[in-house]
Protein chains: 2
Amino acid sequence: MTRVDSSLSVPRYVQVARTLFDEIENGRYGVGSLLPTEFELCAQFGVSRFTVREAVKQLVHQGLVLRQPGVGSRVLARHPVKQYTQTMTGITDLRQYASETTLQVTQSQLLHVEGSLARLLEVNKGETWLHIEGLRYQDDQEQPICLTDVYIAPRYRSIEGVEGAMREPLYRLLEKQFGCTIKAVQQEIRAMVLSAQLAKKLGVSARTAGLWIARRYFDERDELVELAVSVHPAERFSYRESFRRDWQLNNINTDTTH
Amino acid sequence: MTRVDSSLSVPRYVQVARTLFDEIENGRYGVGSLLPTEFELCAQFGVSRFTVREAVKQLVHQGLVLRQPGVGSRVLARHPVKQYTQTMTGITDLRQYASETTLQVTQSQLLHVEGSLARLLEVNKGETWLHIEGLRYQDDQEQPICLTDVYIAPRYRSIEGVEGAMREPLYRLLEKQFGCTIKAVQQEIRAMVLSAQLAKKLGVSARTAGLWIARRYFDERDELVELAVSVHPAERFSYRESFRRDWQLNNINTDTTH
DNA sequence: GAGTGGTCTAGACCACGAA
DNA sequence: TCGTGGTCTAGACCACTCG
């Protein structure tokens, strides 16, 4: 049927991927339906299964297709979902300062969750979490870079070593002591005006701006392990990140039949 | 030498990847040096080239190794650089509201760059950029969600269609009209206190907090194409994103020889 | 039990970089 | 010229899903 052109310099699996990409976009394969099996695609395009699998991999990488062993390759979306990607080191680097900072723990105690905190944690009232409060300092500076409140889930609240000056991210401690793995992190950023109390702790003037950052850490089972809320003085902190396009299906618009 | 164990349920290419991962971490393959060739690795591990390539792919995906055709696979770093990844749709979705917003252009004019703007753009003074100002509205709301200033590079300042209500991201317009491709985006987020003037335009009280977001768009040649600066009232906007671990080399610490 | 995608083998040819 | 990684073929076995 739609054979690939071997004279072009573009790899066959890219040609196959582009064709499938177009066909999904044109609705030939509707969202929720299954693509032809890999063997059928081999026959359709006259290529080997290796080539077909590389092609489908491109679509998976864009979030267009989900592969299900024993079932098939399901179309997830008509248009690409993922276009730009960002990667980063540890969670510490969610903020610019890699591991060149120290968390000075000022308080650490068990806490019955209720009220607005329960909403922030998205858990039921009454659970007992571990609450840790501290100030984070950049190595060479005297003023703190942020005030941090960390909440640890009941399952992990027996964590040890949370005291004094900590140079290791808390989530690493959790991973080490409990053998769990942080699989995902959600982050939310807001702007706020610093109250007199907060401003004093941070060593800045009241009524100035602050960057409020909440990070939620989830384990393999997608359960919340830790919530960390940081407040940064605007004058000492900005959050940077960069994204990059990284797939190969650009500028297609070829003459595929519609 | 270091054969893989076929009795384990973990795929061979993961076993190979983990071994190489450890060997890089232990310094057997120093940063900047070349890994053994794929054929040598085949012999060392007693596996096919397919398996070796899948294994090395894992390392590449973590930024540990760079493949150079005709040269070899070079070690880039001793420890993983990329641990969590985030993907997102268009640049519009850098913010939560996908394409459910409209940019109402209020001004559009050529502008000689100088002073603080030159620093922000990181270009020399004297260049003539196109400056566009507008308010962005969420579809169902009356108050604007942000005030936006967009600066377009001289090469693209002849862009057309920048007026009235725009429902398409500006960078898409650029890609369409000039056939260029946005390859990367840098983003910077700050907190600020809204001046009386800004607050009035946004319809909020003066002295409240605002989220300041600058996005720089770069083309294939890594040249700055567009800078967009948005100011959001804190009460109407927060920035969310999530990251995900997605490699397979976790919890290694097996008994690989050191 | 039939069919799926996941893994894996043993070959092959190519463009490219280095000597 | 030679060896590298990039692409590709034609097979194979497996665990899994589903009827």
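Below, read A as the first sequence line, B as the second, and so on, with proteins coming before strands; counting in each chain starts at 1.
- Looking only at atom types and distance, the side chain of B:Arg136 has a donor-acceptor partner in the side chain of B:Thr101 under 3.5 Å away.
- D:dT9 atom C1' lies 9 Å from atom CZ of A:Arg12, rounded to whole Å.
- In this structure, A:Tyr13 reaches the D:dT7 phosphate: one of its side-chain N or O atoms is under 4.0 Å from OP1 or OP2.
- For the residue pair B:Val71 and B:Leu34, the shortest heavy atom distance occurs at O-CD1, 4.1 Å.
- Atom-to-atom, CG of A:Leu34 to P of D:dT17 comes out at 15 Å; the value is rounded to the nearest Å.
- Positionally, the nearest nucleotide of DNA chain C for A:Gly72 lies more toward the 5' end than for the other of B:Val52 and A:Gly72.
- Distance CZ (A:Phe50) to C1' (C:dA10): 14 Å, rounded to an integer number of Å.
- A distance of 11.5 Å separates CG of A:Leu66 from CG of A:Leu64, quoted to the nearest 0.5 Å.
- Residue B:Arg67 has a polar side-chain atom (N or O) positioned under 4.0 Å from OP1 or OP2 of D:dG6.
- The phosphate of C:dG5 has OP1 or OP2 within less than 4.0 Å of a side-chain N or O from A:Ser73.
- Closest to the B:Phe39 side chain, of the nucleotides D:dT9, C:dT9, D:dG5, is D:dG5.
- A:Arg49 contributes a side-chain N or O that forms a donor-acceptor pair with the base of C:dT7 under 3.5 Å.
- The distance between atom CD of B:Glu54 and atom C1' of D:dG6, rounded to the nearest whole Å, is 13 Å.
- In this structure, A:Thr37 reaches the C:dT4 phosphate: one of its side-chain N or O atoms is under 4.0 Å from OP1 or OP2.
- Distance, B:Phe45 CZ to C:dT9 P: 13 Å, rounded to whole Å.
- With salt bridges taken as basic N to acidic carboxylate O contacts below 4.0 Å, one links B:Arg67 and B:Glu38.
- Contact between the side-chain N/O atoms of A:Thr51 and the OP1/OP2 oxygens of D:dT9 is found at a separation under 4.0 Å.
- One atom, CG of B:Leu59, and another, C1' of D:dG5, lie 15 Å apart when rounded to the nearest Å.
- If you measure from atom CD of B:Glu38 to atom C1' of C:dA12, you get 15 Å, rounded to the nearest angstrom.
- Contact check, A:Arg53 against C:dG6: a side-chain N or O comes under 4.0 Å of OP1 or OP2.
- Among the heavy atoms of the strands lying under 4.0 Å from A:Gln68 are primed sugar atoms or P, OP1, OP2 only; no base atom is included.
- Nearer to the 5' terminus of DNA chain D, by closest-nucleotide assignment, is the contact made by B:Glu40 (compared with the other of A:Pro69 and B:Glu40).
- Whole-Å rounding puts the B:Lys57 NZ to C:dT7 P distance at 11 Å.
- Atom CD1 of B:Ile24 sits about 5.0 Å away from atom CG of B:Leu59, to the nearest 0.5 Å.
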